[in-house]
Trainee: 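Attaching a single structure in structure tokens format; questions to follow.
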Amino acid sequence: MPYKLDVNYNEILRFYIEHHPDGDREGIKRAFKYAEKLHEGTLRGSGEPYINHPMRTARLLAEQGFESDYLIAALLHDVVEDCGVSISEIKKQFGSTVSMTVDAVTALSDRDFGEKKPSKRKRDSLSDAKLQEKMNNKALYVKIADRIDNLATISGVKEEKRQPKAEHTREILIPMAERAKAFYYVDVLEDLCFHIEHPGELAVMEEIRDRICTENRQSTGRALQTFAQVFDPLRKNPYKALEPYRRHIISFRQQDRTMVSIFRQIISETEDSKKLENILRKDTFAFYDLFLIVSNDLEEEGTPIRTHDLFFKYFDLALSKRGFYFVDYKRTTHKDATYFLLADEMDNLYRLFIRTQEDYNRYLHGNIIDDSAFYAGIVNEIEPRDTYNPKIKVFCADGAAMKIDKGATVLDFAFHIHTDLGLHFQHAQLNGEKTFLPAHTRLNEGDTVFIQENENVTPTFSWFKYLRTSRAKDHLVRYFYQQYPTEKNSEKNTEKK
């Protein structure tokens, strides 16, 4: 379904009232008026009024049932960065919860620094570190909704800025969504990034998908109509035998399968993704996803039953009689969900996901605990994108545990302990053994590391080959910067003397 660009305040309010009939409508209205006035006359790259962006951000959250604080923060999320409003003013007008959320999603600007302005690259890195350090679950979903709208409307952005935006989403925002177990938003963000980063593969895949779906339009149309008749609780039930079970159905929906989901399956099943026309066939790939949401407490005549049992009741009593057959029960390539793979009488495939209402809400919203710290680890301020790299636990010689990036070397470890230990590294010993190990030795989970230093040893440029972590590389860069200062830096040092 094409992304809806048109938006208005009444639409946001309507979605909000559906979920919160007694909620804070007045607060949302005040935030809208406040943001509308501040963004007045400002246009986005596409030429549309800027206020449409925070409004669509709020609408995304309202549709999913988020509370007023989220919507208010969404409407205000750009006023500090773009309109010069202070966080203290937001707090005064809308309270501490909203101001903290807005602060977390606001990037740093030159106003946040004194006379010594950092480079744009350094400022962006510090902004990412700030985003992670101040992140909480409220701010996360505002940031996700903001990024969804940015990626969905990226055609109005210069070409050279599109790839970095998608890359930042994959390396910073998607890992944060995964940590919060907000897998619905992980799927949405990954698909939007795929459209930006793989236009060639996307065009070929869409052409093949559209051709197959056109050739099989009649059979898939009948099948999708049957699924809706069988599962949709709002439709008249033509299958009397299903009456005892329909009370368990909360809702049913169907949609085209996302391109990134299909691409992940291609990559997982074959190493040759270039010959897509030979791989992408209707008998091997499902192009439609079905979602069945059922009540949390399933039972038959007072006895609890599983979602699988409910599915097979529907399959035996209705679907099998209409030519459908069961192909497989599978797990997604992300391993975060399972589905039934079904086929119709013309061998078109469909993925049917069945979730209880509780599981579906968890899939949509992940772990929402408003006041909890989002990330309890250590944010990598040197390279914030490395914060979510896979970690291993290793031990110092005194038994103290520490986490370090998977693939790190003993030289990385030395720099992580102390700068001087890294700069004067002579050799390492692992797990109490007497063998002297060189700087490039890789660490494994559970290793105990002893570093021998020597004041007479100093780094050479070849040491960069032995480092895998951004933190250790930064220490080495600083060392050589001091040893071989630039001409401009030398002049400053001379002036100070």
Trainee: Before you tell me yes or no, could you show the steps for Thr469 and Asp405 under side chain to side chain donor-acceptor pair (under 3.5 Å), namely the whole-Å CA-CA distance, both residues' side-chain angles and the distance that decides it to 0.1 Å?
Mentor: CA-CA 7 Å; Thr469 65; Asp405 287 0; 5.8 Å; no
Trainee: Taking all non-hydrogen atoms of both residues, which atom of Lys391 and which atom of Glu445 are closest, and how far apart?
Mentor: O-OE1, 4.3 Å
Trainee: Any heavy-atom pair between the side chains of Asp447 and Phe395 that's under 4.5 Å?
Mentor: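 Not in contact.
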Trainee: Using a 3.5 Å distance criterion without hydrogens, assess whether the side chain of Thr333 forms a donor-acceptor pair with backbone atoms of Arg264.
Mentor: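 No, Thr333 side chain to Arg264 backbone: no donor-acceptor pair under 3.5 Å.
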Trainee: With a 4.5 Å heavy-atom cut-off, do Thr220 and Tyr350 have their side chains touching?
Mentor: yes
Trainee: For Phe227 and Phe324, I'd like to know if the aromatic rings sit close, meaning centre-to-centre distance below 6.0 Å.
Mentor: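 Yes.
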Trainee: So, for Ala31 and Ile72, which heavy atoms are closest and what is the spacing to 0.1 Å?
Mentor: CB-CG2, 3.6 Å
Trainee: Distance check, rounded to the nearest 0.5 Å: Thr338 atom OG1 versus Ile354 atom CD1?
Mentor: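 Spacing of OG1 (Thr338) from CD1 (Ile354) equals 9.0 Å.
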Trainee: Any idea which heavy atoms bring Arg56 and Thr153 closest together, and the distance?
Mentor: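 Looking at all heavy atoms of both residues, the shortest contact is NH2-CG2, 3.7 Å.
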Trainee: How long is the gap from NE2 on His195 to CD on Glu201, to the nearest 0.5 Å?
Mentor: 12.5 Å
Trainee: Any side-chain to backbone donor/acceptor pair from Arg247 onto Glu243? Under 3.5 Å, distance only.
Mentor: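 No, Arg247 side chain to Glu243 backbone: no donor-acceptor pair under 3.5 Å.
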Trainee: Assess the residue pair Phe291 and Phe252 against the criterion (ring-ring contact (aromatic ring centres under 6.0 Å, His included)); give the C-alpha distance rounded to whole Å, side-chain angles, the decisive distance to 0.1 Å, and a yes or no.
Mentor: CA-CA 6 Å; Phe291 299 90; Phe252 172 76; 8.8 Å; no
Trainee: Over 60° means perpendicular and under 30° means parallel, so tell me whether Phe32 and Tyr9 are parallel, tilted or perpendicular.
Mentor: parallel
Trainee: Could you verify whether a donor N or O on one side chain and an acceptor N or O on the other, from Arg322 and Tyr239, lie under 3.5 Å apart?
Mentor: yes
Trainee: Ring-plane angle category for His308 and Phe340, please: parallel below 30°, perpendicular beyond 60°, tilted otherwise.
Mentor: perpendicular
Trainee: Working to the nearest 0.5 angstrom, can you tell me the gap between Leu76 CG and Glu89 CD?
Mentor: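 These two atoms lie 11.0 Å from each other.
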Trainee: Does the side chain of Asp24 come within less than 4.5 Å of Ile28's, by heavy atoms?
Mentor: no
Trainee: With under 30° as parallel and over 60° as perpendicular, where do the rings of Phe326 and Phe312 fit, or are they tilted in between?
Mentor: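 The rings of Phe326 and Phe312 stand perpendicular, inter-plane angle above 60°.
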Trainee: Identify the heavy atoms of Ser261 and Arg351 that sit nearest to each other, and give their distance.
Mentor: OG-NH2, 3.2 Å
Trainee: Can you see whether Asp128 engages Ser125 through a side-chain donor-acceptor pair at a distance of less than 3.5 angstrom?
Mentor: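 Side-chain D/A pair, Asp128 to Ser125: absent.
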Trainee: Are the side chains of Asn52 and Leu5 in touch, meaning some heavy atoms are under 4.5 Å apart?
Mentor: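 Side-chain contact under 4.5 Å: no.
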Trainee: Decide yes or no on side-chain contact (heavy atoms from CB on, under 4.5 Å) for Val102 and Val142, but give the supporting numbers first.
Mentor: CA-CA 9 Å; Val102 173; Val142 173; over 6 Å; no
Trainee: Within 45° of the axis and under 6.0 Å from the centre of the six-membered ring of Tyr363, does NZ or CZ of Arg355 qualify?
Mentor: yes
Trainee: Does this structure show an ion pair linking Glu26 with Arg30, if we count only N-O contacts that are shorter than 4.0 Å?
Mentor: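 Looking at Arg30 together with Glu26, the answer is no, because their closest N to O distance does not fall below 4.0 Å.
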Trainee: Between Val85 and Tyr34, is a side-chain contact (heavy atoms from CB on, under 4.5 Å) present by the stated rule, with each step listed?
Mentor: CA-CA 11 Å; Val85 177; Tyr34 190 81; 3.6 Å; yes
Trainee: How long is the span from the CD1 atom in Ile154 to the CG atom in Leu192, to the nearest 0.5 Å?
Mentor: 9.0 Å
Trainee: Hey, does the side chain of Arg246 reach the backbone of Asp232 with a donor-acceptor pair shorter than 3.5 angstrom?
Mentor: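 The answer is yes, because a donor-acceptor pair under 3.5 Å joins these two groups.
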Trainee: Is the NZ or CZ atom of Arg209 positioned over Phe287's six-membered ring, under 6.0 angstrom from the centre and within 45° of the axis?
Mentor: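 Judged by the rule (NZ or CZ under 6.0 Å from the ring centre, within 45° of its axis), Arg209 is not positioned above Phe287.
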Trainee: Could you go through Asp412 and Arg471, starting from their C-alpha distance and side-chain angles, then the distance that decides it, and tell me whether this counts as salt bridge (charged side-chain N to carboxylate O under 4.0 Å, His left out)?
Mentor: CA-CA 8 Å; Asp412 284 297; Arg471 181 174 173 181; over 6 Å; no
Trainee: Evaluate the criterion side chain to side chain donor-acceptor pair (under 3.5 Å) for residue pair His20 and Ser68; output intermediate values, then yes/no.
Mentor: CA-CA 9 Å; His20 307 282; Ser68 59; over 6 Å; no
Trainee: In sequence, state the C-alpha distance, the side-chain angles, and the governing distance for Asp256 and Tyr288, and then conclude on side chain to side chain donor-acceptor pair (under 3.5 Å).
Mentor: CA-CA 5 Å; Asp256 293 344; Tyr288 302 96; 5.2 Å; no
Trainee: To the closest 0.5 Å, what do you measure between CZ (Phe15) and CG (Asn10)?
Mentor: 12.0 Å
Trainee: Going by heavy atoms in the side chains, are Phe285 and Leu349 under 4.5 Å from each other?
Mentor: no
Trainee: Check whether any side-chain N or O of His416 sits under 3.5 Å from a backbone N or O of Phe413 as a donor-acceptor pair, and report yes or no.
Mentor: no
Trainee: Test your reading of the model: is there a side-chain donor-acceptor pair from Arg162 to the backbone of Val157, 3.5 Å cut-off?
Mentor: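 Confirmed, Arg162 side chain pairs with Val157 backbone.
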Trainee: So, does Lys29 use its side chain to make a donor-acceptor pair with the main chain of Leu13 at under 3.5 Å?
Mentor: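 Checked: no pair found.
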Trainee: Which heavy atom of Asn348 sits nearest a heavy atom of Ser219, and at what distance?
Mentor: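 Asn348 and Ser219 have their closest heavy atoms at ND2-OG, 2.9 Å.
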Trainee: Any luck finding a side-chain donor-acceptor pair between Lys282 and Asn216 under 3.5 Å?
Mentor: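 Short answer, yes.
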Trainee: If the test is side-chain contact (heavy atoms from CB on, under 4.5 Å), which one of Met55, His53, Arg59 qualifies with Thr57?
Mentor: His53
Trainee: When you look at Thr284 and Ile279, which way does the side-chain contact (heavy atoms from CB on, under 4.5 Å) test go after all the steps?
Mentor: CA-CA 8 Å; Thr284 54; Ile279 299 169; 5.9 Å; no
Trainee: Roughly how far apart are Tyr50 OH and Glu48 CD, rounded to 0.5 Å?
Mentor: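 It is 10.0 Å, given to the nearest 0.5 Å.
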Trainee: Please check if any side-chain donor atom of Tyr3 sits under 3.5 Å from a side-chain acceptor atom of Asp149, or the reverse.
Mentor: yes
Trainee: Given the rule in the side-chain contact (heavy atoms from CB on, under 4.5 Å) test, do Phe231 and Tyr314 qualify, once you have shown the distances and angles that lead to the verdict?
Mentor: CA-CA 8 Å; Phe231 290 120; Tyr314 272 79; 3.6 Å; yes
Trainee: Which atom names give the shortest non-hydrogen contact between Glu11 and Asp6, and what distance separates them?
Mentor: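 Closest approach of Glu11 to Asp6, heavy atoms only: OE1-O, 3.9 Å.
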Trainee: Going by atom types only, do Tyr360 and Asn296 share a side-chain donor-acceptor pair under 3.5 Å?
Mentor: no
Trainee: Would you find more than 12 non-hydrogen atoms of other residues, nucleotides or ligands less than 6.0 Å from Arg257 atom CZ?
Mentor: yes
Trainee: Within the distance-only criterion (no hydrogens, no angle test), does the side chain of Asp309 pair as donor or acceptor with the backbone N or O of Arg306 below 3.5 angstrom?
Mentor: yes
Trainee: Check this for me, if you would: do Arg170 and Glu190 make a salt bridge, where the nitrogen-to-carboxylate-oxygen distance has to be below 4.0 angstrom?
Mentor: no
Trainee: Dump the intermediate steps for side chain to side chain donor-acceptor pair (under 3.5 Å) on Asp347 and Tyr325, then the final yes or no.
Mentor: CA-CA 9 Å; Asp347 302 322; Tyr325 60 95; 2.7 Å; yes
